[in-house]
Protein chains: 2
Amino acid sequence: MSLDQIEYFVAIAEEGNIGRAALRLHISQPPLSRQLRRLEDELGAPLFERHPRGVTLLPAGTRFLQHARSVLREVDRARRAVAERPPDPHT
Amino acid sequence: MSLDQIEYFVAIAEEGNIGRAALRLHISQPPLSRQLRRLEDELGAPLFERHPRGVTLLPAGTRFLQHARSVLREVDRARRAVAERPPDPHT
DNA sequence: TCAAATTACGGTCGACGTAAGGATC
DNA sequence: GATCCTTACGTCGACCGTAATTTGA
C-alpha cells in the first residue's frame, strides 16, 4: 500500500468514476484503474462495485474510506508539525 | 513522502542509529540514509542531528514522530477494517 | 584509527502514458 | 454505438545493493 494508492482511492470514491478521478489527479485512467486493482489485490477484497457508468463503494470500501481519509489528514498534520515553530517557554 | 519513508523514519528514531535501523528493516544503510535525506529535503528541515555514534531527534523530528506513528497506526486500522466482517443487524 | 554516515555507480523493478480491447446499456 | 473500465506494450524514473569516500571522536 502506498500514499498514492490511498489518495487515488479517495478520489475515486468521491468522484464515483475512475475517469473523472483520473482527470482530477492529473493522471490517465489506465494507471489509476491498475492502482485500484493492486490495492484491492493487496487488501484481499474488492472495494468498489463496477457499473457501466461508474463505480460505487462496497461495504468494505466504505470502511476503508474512513481510515484512508484519516491517513491523509495525519500526513498533512505531520508536514505542518515540522514547519511549525516549537513553543518558546519565555513568551 | 511515502509510507516507506515514514516507516524508515520511525525505525531510525527508535534505534537512534541508521545502521541498526537498516538491520531491523532488512535493507542496507545507504538506501536508508538516502531516504531519510529525501524526507528531510521534502519537509524542508532536518529531523535528526548527526553524531559520530548515531543520530538524535531534533525538535522538528520529535513533532514529526508523533504524527508518523499515527499514520502507520491508521494504515493498520485501514487494512483491518477491510478484513473485518460488517456487523449484521439481525444478530 | 575506528565506527558511522554519505556519495557513486550499475542493475532491476515499478509506474506512467498511448493504444487497443472488452463489456454494458 | 457510446461510454467507461481494463489489458497490452514500451519507456522512463525510482530504489536498492555493493563498493568507495568522508566525517568526527
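Quick note on labels: first sequence line is chain A, next is B, and so on, each numbered from 1. These numbers come from a predicted model, not from an experiment.
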*Do the side-chain N or O atoms of B:Arg37 get closer than 4.0 angstrom to the phosphate oxygens (OP1, OP2) of C:dT6?*
yes

*Is the phosphate of C:dC16, meaning OP1 or OP2, less than 4.0 Å from a side-chain N or O of A:Gln35?*
yes

Of the candidate nucleotides [options], which contains the atom at the shortest distance from the side chain of [X]?
X: B:Asn17; options: C:dA4, C:dC25, D:dG17; value: C:dA4
X: A:Arg34; options: D:dA8, D:dC15, C:dA5; value: D:dA8
X: B:Pro31; options: D:dC16, C:dT6, D:dC5; value: D:dC16
X: A:Ser33; options: D:dT6, D:dC5, C:dT6; value: D:dT6

Take atom [atom1] of [X] and atom [atom2] of [N], then tell me their distance rounded to the nearest Å.
X: A:Arg38; N: C:dG14; atom1: CZ; atom2: P; answer: 8 Å
X: B:Arg50; N: C:dT7; atom1: CZ; atom2: C1'; answer: 14 Å
X: A:Ile27; N: D:dG13; atom1: CD1; atom2: C1'; answer: 16 Å
X: B:Gln29; N: C:dT7; atom1: CD; atom2: P; answer: 15 Å
X: B:Glu42; N: D:dA14; atom1: CD; atom2: C1'; answer: 14 Å
X: B:Leu32; N: C:dA4; atom1: CG; atom2: C1'; answer: 13 Å
X: B:Glu7; N: D:dC15; atom1: CD; atom2: P; answer: 15 Å
X: B:Asp41; N: C:dT6; atom1: CG; atom2: P; answer: 11 Å

*Checking all strands, does A:Asp4 fall into the base, sugar-phosphate, or nothing category for heavy-atom contacts under 4.0 angstrom?*
nothing

*Which is true for A:Tyr8 with a 4.0 Å heavy-atom rule: it touches a base, it touches only sugar-phosphate, or it touches nothing?*
sugar-phosphate

_Salt-bridge present (B:Arg77, A:Glu74; N to O < 4.0 Å)_ = no

*Side chains of A:Thr56 and A:Phe48 in contact at under 4.5 Å (non-hydrogen atoms)*: no

*Taking it one step at a time, do B:Arg37 and B:Asp41 satisfy salt bridge (charged side-chain N to carboxylate O under 4.0 Å, His left out)?*
CA-CA 6 Å; B:Arg37 170 76 46 159; B:Asp41 285 352; 5.4 Å; no

_Under the criterion salt bridge (charged side-chain N to carboxylate O under 4.0 Å, His left out), I'd like the reasoning laid out for A:Glu14 against A:Arg24: C-alpha separation, chi angles, the key distance, then a yes or no._
CA-CA 11 Å; A:Glu14 290 176 357; A:Arg24 167 171 150 188; 2.7 Å; yes

*Which residue, A:Arg53 or B:Pro30, contacts DNA chain C at a nucleotide closer to its 5' end, judged by nearest heavy atom?*
B:Pro30

_Nearest heavy atoms of B:Ala81 and A:His67, plus distance in Å_ = CB-CD2, 3.6 Å

